[in-house]
Amino acid sequence: MIRYTLTCDQKHQFESWFQSSSAFDTLAAAGHLSCAICGSEKVERALMAPSVPAKGNTKTTAPDLSAPQSDVETAMAKMRKDVEDNSDYVGMEFAKEARKMHDGDAPERAIYGEAKLDDAKKLIEDGVPVAPLPFLPKRKTN
């Protein structure tokens with residue numbers, strides 16, 4: 001395991017663990033990295049000092065990566081849980097469902113999902129009340 005300090009194009013810094021340097025490179029090339037603070041996908045390694053254990057303290061343990069590491073991550077995890085617990089996931093049908101509710105063709109309910117950028121812009125231009133989530137939805141499978 002290797003820990004990197006990362007930075008996004010908005011100058012946010014955060015840390016993440018990777019299986020290896022090549023694992024980081026593979027994830028970065030595939031576009032699977034995003035800023036833990038703002039969600040930007042333009043993430044790079046930042047300069048960082050090497051982690052050298054104190055004399056006599058050679059045992060290192062990797063952190064629990066599933067647990068939030070900061071107040072921001074804790075708030076994001078709570079937001080994700082609230083959205084997932086109180087909304088219906090509609091996947092790529094989000095724009096269609098949001099428009100039907102706005103037009104009165106479907107009952108209003110809390111939904112979340114995914115939309116193509118052009119579809120999301122059109123919803124906003126048409127006054128449909130939508131907002132981007134600061135995280136990618138977990139895709140639900142059957």
Next item on the list: Go through the steps for Asp25 and Arg45 under the test side-chain contact (heavy atoms from CB on, under 4.5 Å), then give the verdict.
Entry: CA-CA 10 Å; Asp25 294 337; Arg45 284 182 263 200; 2.7 Å; yes

Note to self: For a quick test of reading the model, state the closest non-hydrogen atom pair linking Tyr112 to Phe94 and the distance between them.
What the structure shows: C-CD1, 3.9 Å

Next item on the list: Heavy atoms only: give me the nearest Leu6-Ser16 pair and the separation to one decimal.
Entry: CD1-CB, 3.9 Å

Notebook entry, point to check: Are the charged groups of Lys96 and Asp105 less than 4.0 angstrom apart, N to O?
Noted result: no

Checklist line | Atom pair NZ (Lys42) and SG (Cys35), whose distance is rounded to the nearest 0.5 Å | finding: 13.0 Å

Notebook entry, point to check: When clusters are formed by joining ILVMFWY residues with side-chain heavy atoms under 4.5 Å apart, either directly or through shared neighbours, do Ile2 and Leu27 land in the same one?
Noted result: yes

Check: Does a side chain donor of either Glu114 or Tyr89 reach within less than 3.5 Å of an acceptor in the other side chain?
Finding: yes

Notebook entry, point to check: So how far is it from Cys38 SG to Lys11 NZ, rounded to the nearest 0.5 Å?
Noted result: 11.5 Å

Next item on the list: Check Pro134 against Met76 and note the closest heavy-atom contact, atom names and distance.
Entry: O-CE, 3.0 Å

Checklist line | CG (Asp71) with more than 12 external heavy atoms under 6.0 Å | finding: no

Note to self: Run Met92 and Lys116 through side-chain contact (heavy atoms from CB on, under 4.5 Å) and show every step you take.
What the structure shows: CA-CA 8 Å; Met92 289 303 294; Lys116 294 180 181 173; 4.1 Å; yes

Check: Is the shortest side-chain N to carboxylate O distance from Glu125 to Lys121 below 4.0 Å?
Finding: no

Margin query: Check for me, please, whether Leu123 and Ile111 land in the same ILVMFWY cluster - side-chain distances under 4.5 Å, paths through other members count.
Written below: yes

Next item on the list: Could you label the plane-to-plane angle of the Phe18 and Tyr4 rings as parallel, tilted or perpendicular, counting under 30° as parallel and over 60° as perpendicular?
Entry: tilted

Checklist line | Positive for salt bridge (Lys or Arg N to Asp or Glu O under 4.0 Å) with Lys122, one of Asp118, Asp119, Asp126 | finding: Asp126

Next item on the list: Heavy atoms only: give me the nearest Gln13-Ala46 pair and the separation to one decimal.
Entry: NE2-CB, 3.7 Å

Margin query: Using the rule given for side-chain contact (heavy atoms from CB on, under 4.5 Å), can you reason through Glu41 versus Ser34, listing the C-alpha separation, both sets of side-chain angles and the distance that settles it, and then say yes or no?
Written below: CA-CA 4 Å; Glu41 294 180 358; Ser34 63; 4.3 Å; yes

Check: How far apart are the closest heavy atoms of Gly127 and His102, and which atoms are they?
Finding: O-CE1, 3.5 Å

Margin query: Check for me, please, whether Met101 and Val83 land in the same ILVMFWY cluster - side-chain distances under 4.5 Å, paths through other members count.
Written below: no

Notebook entry, point to check: What pair of heavy atoms forms the shortest contact from Ala98 to Val130, and how long is it?
Noted result: CB-CG1, 4.3 Å

Note to self: Apply salt bridge (Lys or Arg N to Asp or Glu O under 4.0 Å) to residues Lys78 and Asp85 and explain how you reach the verdict.
What the structure shows: CA-CA 10 Å; Lys78 182 184 180 317; Asp85 289 350; over 6 Å; no

Note to self: Treating Thr5 as the side-chain partner and Glu15 as the backbone partner, does any N or O pair qualify as donor plus acceptor under 3.5 Å?
What the structure shows: no

